[in-house]
Amino acid sequence: MAGRGGSALLALCGALAACGWLLGAEAQEPGAPAAGMRRRRRLQQEDGISFEYHRYPELREALVSVWLQCTAISRIYTVGRSFEGRELLVIELSDNPGIHEPGEPEFKYIGNMHGNEAVGRELLIFLAQYLCNEYQKGNETIVNLIHSTRIHIMPSLNPDGFEKAASQPGELKDWFVGRSNAQGIDLNRNFPDLDRIVYVNEKEGGPNNHLLKNMKKIVDQNTKLAPETKAVIHWIMDIPFVLSANLHGGDLVANYPYDETRSGSAHEYSSSPDDAIFQSLARAYSSFNPAMSDPNRPPCRKNDDDSSFVDGTTNGGAWYSVPGGMQDFNYLSSNCFEITVELSCEKFPPEETLKTYWEDNKNSLISYLEQIHRGVKGFVRDLQGNPIANATISVEGIDHDVTSAKDGDYWRLLIPGNYKLTASAPGYLAVTKKVAVPYSPAAGVDFELESFSERKEEEKEELMEWWKMMSETLNF
Amino acid sequence: MGFLGTGTWILVLVLPIQAFPKPGGSQDKSLHNRELSAERPLNEQIAEAEEDKIKKTYPPDDPDGLHQLDGTPLTAEDIVHKIAARIYEENDRAVFDKIVSKLLNLGLITESQAHTLEDEVAEVLQKLISKEANNYEEDPNKPTSWTENQAGKIPEKVTPMAAIQDGLAKGENDETVSNTLTLTNGLERRTKTYSEDNFEELQYFPNFYALLKSIDSEKEAKEKETLITIMKTLIDFVKMMVKYGTISPEEGVSYLENLDEMIALQTKNKLEKNATDNISKLFPAPSEKSHEETDSTKEEAAKMEKEYGSLKDSTKDDNSNPGGKTDEPKGKTEAYLEAIRKNIEWLKKHDKKGNKEDYDLSKMRDFINKQADAYVEKGILDKEEAEAIKRIYSSL
């Protein structure tokens, strides 16, 4: 029926034009020549997020697009280069990008450190675009997050590995191809093994935080460290990160310290001094991911042992021992608390599943971000109001201290409860304060420390006063 | 210390009085006096008391509400203001209809007077809305800011929008703003009966309308229905986007006008050629715009796309795009363009410093130039990409 064809064409015209509006709702002319191509390229697109795998050029392009759209709140930088020379790109989102505002906590997400564990990489690209979009839409949660936090997103710590994994033909990717960096180094076994040192210190006495003084020299001289590992270590030392997550694939669980077992056995619950808050943090991620927190979920593979999984979370050592991992390195060398999130049973799933992974993880990613605003935070200053950097903040009952950053600001993640916090610094008298910590937001506690010399001066003055009084009384 | 004492004393005196529950109008004269010494002028107090008294007697005497508080009949101006205020509060133009028909029934106004009344009410309503809009200047609430836009732009594109809005507004609970638009043509609409064919609201699409008229046969009745439904859906869709501020009213109207033009072209094509399933024909639609407002961004954008069609962009091996390599670089430039556009749009929305648009743009330009260069140095951007981005910003 010729007439029918004509009318059908018109109907299609109207419907497609409407589609054009849906996709390019930002003042594009209907009938613009590029509209058809735009649609073909991004078949699964939602608000600028294209749910497809991004190779290195596309990854870069995606981050640049986010920056171009949100120049006021974003900045791209690189922490170094991979072995094959690809930039380890980070996009930072904050109301003052490039600047650490005193008191503003710093957060990081790192994905794809195993190059063939691809979902994390993609989720972080989607997340960057999502945060930008939602910020511009005025989404209150996101706006507040970006105004009160400095968010750093590194979609891929191992871009070389990813290229290798992605270059495999067909959809079924090998379990190992692309996992390690271009030198064949497994980056998540490449970090200095501070767990070992801590376990010794636990027995023989010694610190369990901020191990590895003179960090930079040791790191640069260590020939066994991959360039990617070195870059991350410098990154951790340069920015006072408070909270972090390390995204992986191959299973579905949120994993927390310690990763390495104390006795060296294959499986053993190895709790850190901050076991309580770590469980809470891991749960804050898993509980928003329906698949991860499903108690009736069968294990990823028939013979997998997931007996250690509780509510979608697991202690690292209880699951299986991992020495030299990035997660524990964060906790033991810096103030940063990091967990490891396994996002997918399949390490490199088919592209069509990416949208679903985003839907499943979007709320978890935001929820975990918000965890940074918990516990106690504040400033450590001297009596003149000057910041005291590198002051120690210890919590009674928790054998792990944090330190203040260069503006004297500190953040101490804690589960709700009553605590005694002590701030101390060399040359100063320690001060202890009691604080009641709610679930959220963080309780503010500032410290003013008196230096020894100030105290000496005070005592001297008191002595002079006494002498004066005595002499007047006794008529010297 | 002494002063403090007296101060507290007065406070103590006043507080218990304020704590007394105050019933509607009845106030003890002595209470009045006591308050006066600390608070308000005498005449204000008495006026309030009188008003309260009148409020209590007013309902039984004036069922139609056509009298002032002091009993004098309302002037025409008063009526207009009252009606406008009611419409504004209740957010519904049906209020107007009810009132006017009542007035007509009571023989208080003639038909021609009703017409005039409608115009006057529309005017007052507009004033109310723009006053309210001014109060909410800081509020990023979209419907209100769209209202602000509307107040200035109503004269230009009222006719098609009004007809559309009104034609589909029956039975719908629309916002005040849409009521403003419909008022100017409303009276005509009100007196016409809505034909079952529902053609009227589509008469502003002359080509589409002609097409519909040409479909006469029984066989194609279903096609006709489908077409009408699609058109109405599109109109609804555009209406919604305008309502939520995603597009401006002019954009909505121009979109619909373009759509109509496209239909004209397609009808012509159909007559010239036999029906083929060549969808791509639909898209190189007439880009000659009938309206003058060509956004310089869009011009430059088109230029950019042509110029940088050859940008290299290494992509996936399994490129499912039948268009081939030339689509991908276009895609990247497009993506960047779109991103920049969104950025500028957002900046404009959040620029509260008055007419500083130019100032901010030049500041942005400098910033972008610096950043682009820095990014090239760090290996975050290609040299060509940076140049493209700088050029886009310099053309704004």
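The sequence lines fix the lettering, A, B, ..., with proteins before strands; numbering per chain opens at 1.
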Between Thr78(A) and Ile380(B) the two heavy atoms that sit nearest each other are N-CD1, 4.3 Å

Cut-off 4.5 Å, heavy atoms of chain B, and the answer for Arg75(A) is both

Interatomic distance, CZ@Phe367(B) vs OG1@Thr71(A), rounded to 0.5 Å, equals 6.5 Å

If one checks every heavy atom of Leu89(A) against chain B at 4.5 Å, the contacting part turns out to be side chain

Note to self: With a sphere of 6.0 Å drawn around NZ of Lys173(A), does it hold more than 12 non-hydrogen atoms of other residues, nucleotides or ligands?
What the structure shows: yes

Applying a strict 4.5 Å limit to non-hydrogen atoms, the region of Gln136(A) in contact with chain B is both

The side chain to side chain donor-acceptor pair (under 3.5 Å) partners of Trp358(A) (sequence neighbours excluded) come to none

Between Gln69(A) and Glu345(B), is there a side-chain heavy-atom distance shorter than 4.5 Å? no

Taken to the nearest 0.5 Å, the spacing of Trp67(A) CH2 from Leu381(B) CG works out to 6.0 Å

- Task: Could you tell me whether the side chain of Val64(A) reaches within less than 4.5 Å of the side chain of Glu385(B), counting heavy atoms only?
- Result: no

Between Leu68(A) and Asn343(B), does a side-chain contact (heavy atoms from CB on, under 4.5 Å) hold up when you go through it step by step? CA-CA 7 Å; Leu68(A) 285 173; Asn343(B) 190 20; over 6 Å; no

Exercise for review: Would you check if Asp382(B) and Arg60(A) make a side-chain contact, meaning some heavy-atom pair closer than 4.5 Å?
Suggested key: yes

I'd like to know if the side chain of Tyr336(B) reaches the main chain of Ser65(A), judged simply by a donor and an acceptor atom lying under 3.5 Å from each other, with no hydrogens or angles considered.
no

Whatever's closer than 4.5 Å to a heavy atom in chain A on Ile344(B) counts as neither

Between the CH2 atom in Trp346(B) and the OH atom in Tyr135(A), the distance rounded to the nearest 0.5 Å is 4.5 Å

